[in-house]
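Both ligands and their constituent atoms are indexed starting at 1 by order of listing.
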Amino acid sequence: MDILNSPNNILLQVLSDDEKRSIFDKYGEAGLKGAGAGMGDFSNPFDLFESLFEGMGGVTGMGSRSSRNRPTQGDDESYNLVLNFKEAVFGVEKEIEITRLENCGTCDGSGAKPGTKSTKCSTCGGQGQVVSSARTPLGVFQQVMTCSTCGGTGESFTPCNTCGGDGRIRKSKRISLKVPAGVDSGSRLRVRSEGNTGRRGGPPGDLYVFIEVLSDPVLKRDGNNILYTCKISYIDAILGTTISVPTVDGTVDLKIPAGTQPGTTLVMAKKGVPYLGKQSARGDELVRVQVEIPKRLSSEEKKLIEELASLSNAKTANSRR
Ligand SMILES: [Zn+2]
Ligand SMILES: [Zn+2]
């Protein structure tokens, strides 16, 4: 994976198909957590313990309820952005509308109904901890656990009507996005802190913008090079000519040298795609020359070709002598 710094607090990551597939398999569309996340990524020792505890089948509902009132980091959010061919080549500034969880204005993110007072948690009696026991092959273990009802705060509250106690609600927001020159289908832009806001004042997640580039009817992209195929007549191939070639910079004249062979590739230097992160360096446009042989000839043309043929036969006969 290539990671490049670019303006606007955006990290650009170019993922291979395999990397993309594994991220989607693991987290789905909405839950991208960066390529390296997974098991072992526990920021809080309680998370690790609770997962193990759940794995033993000891206490049900432990993982989800207990984190309810603690500050937790918001999830990452994803957005699919479709660009046309030239926008991807030269970069573009786009305004996009994203939806994500933001702090609830009614309860100011606390999740408690305004005007209500929190009361002592009845499960733990306000201690924030409970003693749990688990039977294992080595005997019964007793463990002091964070109270799952109040999440260790020792308080219980009436949930806010607007957000249902979560402290966050889904809102849409327009953000301006600077897409750097040289992106391609599969490029991923990471916009820091524009994901879902964290619970109870926790830090926000990131926004990942997945890029898809529409194809162009005549120009094909091959990494940083652009491929184009032109057709010339056999006479132009023999005598040479100048043709007009479409490029991302507009139409440009290209000299076809006399004696150009069918299938020759001519290089138009620096008419390709800028390299990501170093806009001054560009790929080339590669022009493949197809030579058209006529299927029918006028009687006059046929006569001339036959003259050419006898001329060339005489030449061959001379050289054999
Ligand atoms: Zn609320
Ligand atoms: Zn409690």
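The SG atom of C121 and the SG atom of C147 subtend an angle of 110° at the Zn ion (ligand 2), given to the nearest 10 degrees. The angle subtended at the Zn ion (ligand 1) by SG of C160 and SG of C107 is 120°, given to the nearest 10°. Between the SG atom of C124 and the SG atom of C150, the angle centred on the Zn ion (ligand 2) amounts to 110° when rounded to 10°.
A cation-pi arrangement, defined by a distance under 6.0 Å to the six-membered ring centre and an angle within 45 degrees of its axis, is absent between K86 and F90.
Under the 4.0 Å criterion applied to side-chain N and carboxylate O atoms, D206 and R192 are not assigned as salt-bridge partners. We find that E301 and R296 are not joined by a salt bridge, their nearest charged nitrogen and carboxylate oxygen being 4.0 Å or further apart.
Residues Y79 and I96 are in side-chain contact: their nearest non-hydrogen atoms beyond the backbone lie under 4.5 Å apart.
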